[in-house]
Amino acid sequence: MIKKALITGGAGFIGSHLAQQLLDEGYEVTALDNLFTGTKVNIYGLLENPRFTFMLHDVTQPFWGQFDEIYNLACPASPIHYQRNPVETIRTSFMGVMNVLELALKTKARVLHASTSEIYGDPAVHPQPETYWGNVNTIGIRSCYDEGKRAAETLCADYFREHGVDIRMVRIFNTYGPHMHPQDGRVISNFIMQALHDQDITLYGDGSQTRSFQYIDDLIRAFRAYMKLEPDVIRKFIHEHNLPVPVINTGNPGEYTIKQLAEETLRQIPESKSKIIYEPLPKDDPKRRKPDITLAKSLLRWSPSVALPDGLAKTIAYFRGV
Ligand code: NAD
Ligand code: UDP
């Protein structure tokens, strides 16, 4: 029997790669999206596939369908976009996962929820393991996203404990690659677009803050490995590791300062006339971020394989063509 998957946020950066992967594996795929930050450009190639359906819908409104697997990705992820409409951001995060969990409860679907390293806030523990509770401002400009994602995790945890919903949470650390929107506003797409168009490279703060960048293919492999595990394997694993619910970090632990990223981008676009300029650091910008991926390595028998210079080269090649 053909397996059916629903991807909320399926026209976004990660969602469109996941849709392609699931179609390649023979799934029937429905991509639900309201196109807030996603675009049909990402899924043009998929629309011709008879096993692919696009559903223009807002995840905060209930929806129905019988699916084997639901991937909940709907939510703006770039600071400039989630801060553009903060009330809608927290509503999307909370109501979206609520609608997904209710559907999963009624239809016994398996759910993967896209959480984020942002739930650790500006972390006081480095690198960040899943057992760290985070350091998050509840009323800052990033809070609509951070607290929305934290509340979404709480809902997932309670549907798991109270109703036995088969939920798997992934705390995704900065992920990049082709299909990021050219105006997405996140650092890798910004730097590449600026360098390709000879515009100033906008380094916020002194550029000493760090991030750990994961290439999209590594993330999709982790998603698929996680969703293939049977519930009893996951329950045994969380019991053995003293975790209350299934939650893992995925990311690439290679840690770079943002200044190093700017320099590497310029090194890979040698014809660029761009200069690095310094702009104020946005409020509550985390100073350091690096995933502890011990649990993901052991549970999924997975590890990231694409180093930043290689992933950056593939991403630059994509942006040269858009
Ligand atoms: P993206 O902005 O490209 O994708 C998000 C998608 O969700 C878009 O297609 C957007 O139109 C859609 N969407 C937003 N609000 C919606 C709503 N109310 N109803 C229906 N669709 C809606 O970003 P992405 O990087 O692909 O992120 C996907 C998910 O992964 C998000 O939940 C994000 O929080 C999470 N995540 C991403 C990263 C990363 O580095 N890329 C890191 C951590 C977490
Ligand atoms: N950043 C930057 N210039 C930009 C965009 C972002 O220096 O044009 C910095 C930003 O301040 C942060 C880091 O790059 O320290 C990562 O930012 P991004 O918005 O990609 O993701 P997040 O802060 O959510 O990790």
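When a ligand or atom number is given, it counts from 1 through the structure's own listing order.
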**Q** Is the side chain of Thr39 donor-acceptor paired with the backbone N or O of Leu35 at a distance under 3.5 Å, no angle test?
**A** no
**Q** Exactly one of Asp122, Asn174, Thr210 should register a side-chain hydrogen bond (donor to acceptor under 3.5 Å, both in side chains) with Arg289. Which one does?
**A**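 Going through Asp122, Asn174, Thr210 one by one, the side-chain hydrogen bond (donor to acceptor under 3.5 Å, both in side chains) with Arg289 is satisfied by Asn174 alone.
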**Q** Would you kindly say whether His81 and Thr37 are connected by a side-chain donor-acceptor distance under 3.5 Å?
**A** no
**Q** Just jot down the ligand 2 atoms closer than 4.0 angstrom to any heavy atom of Ile258, in number order.
**A** 7 (O), 13 (C), 14 (O)
**Q** Are side-chain N/O atoms of Tyr27 and Glu69 paired as donor and acceptor at under 3.5 Å?
**A** yes
**Q** For the rings on Tyr215 and Tyr176, is their centre-to-centre separation under 6.0 Å?
**A**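 Between Tyr215 and Tyr176, the centre distance is under 6.0 Å.
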**Q** Just going by heavy-atom distances, which of Asn190, Asp184, Ile277, Ile276 is nearest to atom 8 (O) of ligand 2?
**A** Asn190
**Q** Does ligand 2 have any atom that is closer than 4.0 Å to a heavy atom of Glu279?
**A**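 No, that is not the case, since the closest heavy atom of the residue is not under 4.0 Å from the ligand.
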**Q** May I ask you to say whether Arg320 pairs ionically with Glu271, meaning some side-chain N is under 4.0 Å from a carboxylate O?
**A**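 Looking at Glu271 together with Arg320, the answer is yes, because their closest N to O distance falls below 4.0 Å.
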**Q** Who are the residue neighbours of ligand 1 when the rule is a heavy atom under 4.0 Å from any of its atoms?
**A** Gly9, Ala11, Gly12, Phe13, Ile14, Asp33, Asn34, Leu35, Phe36, Thr37, Gly38, His57, Asp58, Val59, Leu73, Ala74, Cys75, Pro76, Ala77, Thr92, Ala114, Ser115, Thr116, Tyr145, Lys149, Ile172, Asn174, Thr175, Arg186
**Q** Are His57 and Phe63 an aromatic pair by the rule of ring centers under 6.0 Å?
**A**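 For His57 and Phe63, the ring centres are under 6.0 Å apart.
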**Q** Do Gln214 and Thr175 get their side chains close enough for a donor-acceptor pair, meaning under 3.5 Å?
**A** yes
**Q** Using a 4.0 Å heavy-atom cut-off, which part of Arg142 comes near ligand 2: side chain, backbone, both, or neither?
**A** side chain
**Q** Starting from atom 17 (O) of ligand 2, locate the nearest protein heavy atom and write down its residue, its atom name and how far away it is, to 0.1 Å.
**A** Val187 CB, 4.1 Å
**Q** Is Glu118 close enough to touch ligand 2? Criterion: a residue heavy atom under 4.0 Å from a ligand atom.
**A** yes
**Q** For Ser78 and ligand 2, answer yes if some heavy atom of the residue is under 4.0 Å from a ligand atom, otherwise no.
**A** no
**Q** If we ignore angles and hydrogens, is there a donor and acceptor under 3.5 Å between the side chains of Gln194 and Ser274?
**A** no
**Q** Under 4.0 Å between a Lys/Arg side-chain N and an Asp/Glu carboxylate O for Asp232 and Arg235?
**A**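 A salt bridge is absent here (no side-chain N lies under 4.0 Å from a carboxylate O).
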**Q** If you measure every N/O of Ile188 against every N/O of ligand 2, is any gap under 3.5 Å?
**A** no
**Q** Please say whether Arg186 places an N or O atom under 3.5 Å from an N or O atom belonging to ligand 2.
**A** no
**Q** So which protein heavy atom does atom 3 (N) of ligand 2 come closest to, and at what separation?
**A**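 Nearest protein contact, heavy atoms only, for atom 3 (N) of ligand 2 is Thr202 O, 2.6 Å.
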**Q** So is Arg110 actually on top of Phe67's ring, under 6.0 Å and inside 45° of the axis?
**A**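 Not satisfied by the 6.0 Å and 45° rule.
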**Q** Is the shortest side-chain heavy-atom distance between Arg171 and Ser117 below 4.5 Å?
**A** no
**Q** Taking atom 9 (C) of ligand 2 as the point of reference, which of Gln209, Met180, Lys287 owns the nearest heavy atom?
**A** Gln209
**Q** Students should be able to answer this: which protein heavy-atom is nearest to atom 5 (C) of ligand 2, and at what distance?
**A**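 Its nearest protein heavy-atom neighbour is Tyr204 CE1, 3.4 Å.
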**Q** Can you name the atoms of ligand 2, numbered from 1 with element, that are less than 4.0 Å from a heavy atom of Pro79?
**A**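 Result: 19 (O), 24 (O).
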**Q** Who gets closest to atom 21 (O) of ligand 2 by heavy atom: Asn174, Leu203, Asp285?
**A**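 Looking at heavy atoms only, the winner is Asn174.
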**Q** Does the side chain of Tyr132 come under 3.5 Å of the side chain of Asn249 through a donor N or O and an acceptor N or O?
**A**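 Note: Tyr132 and Asn249 side chains miss the donor-acceptor criterion.
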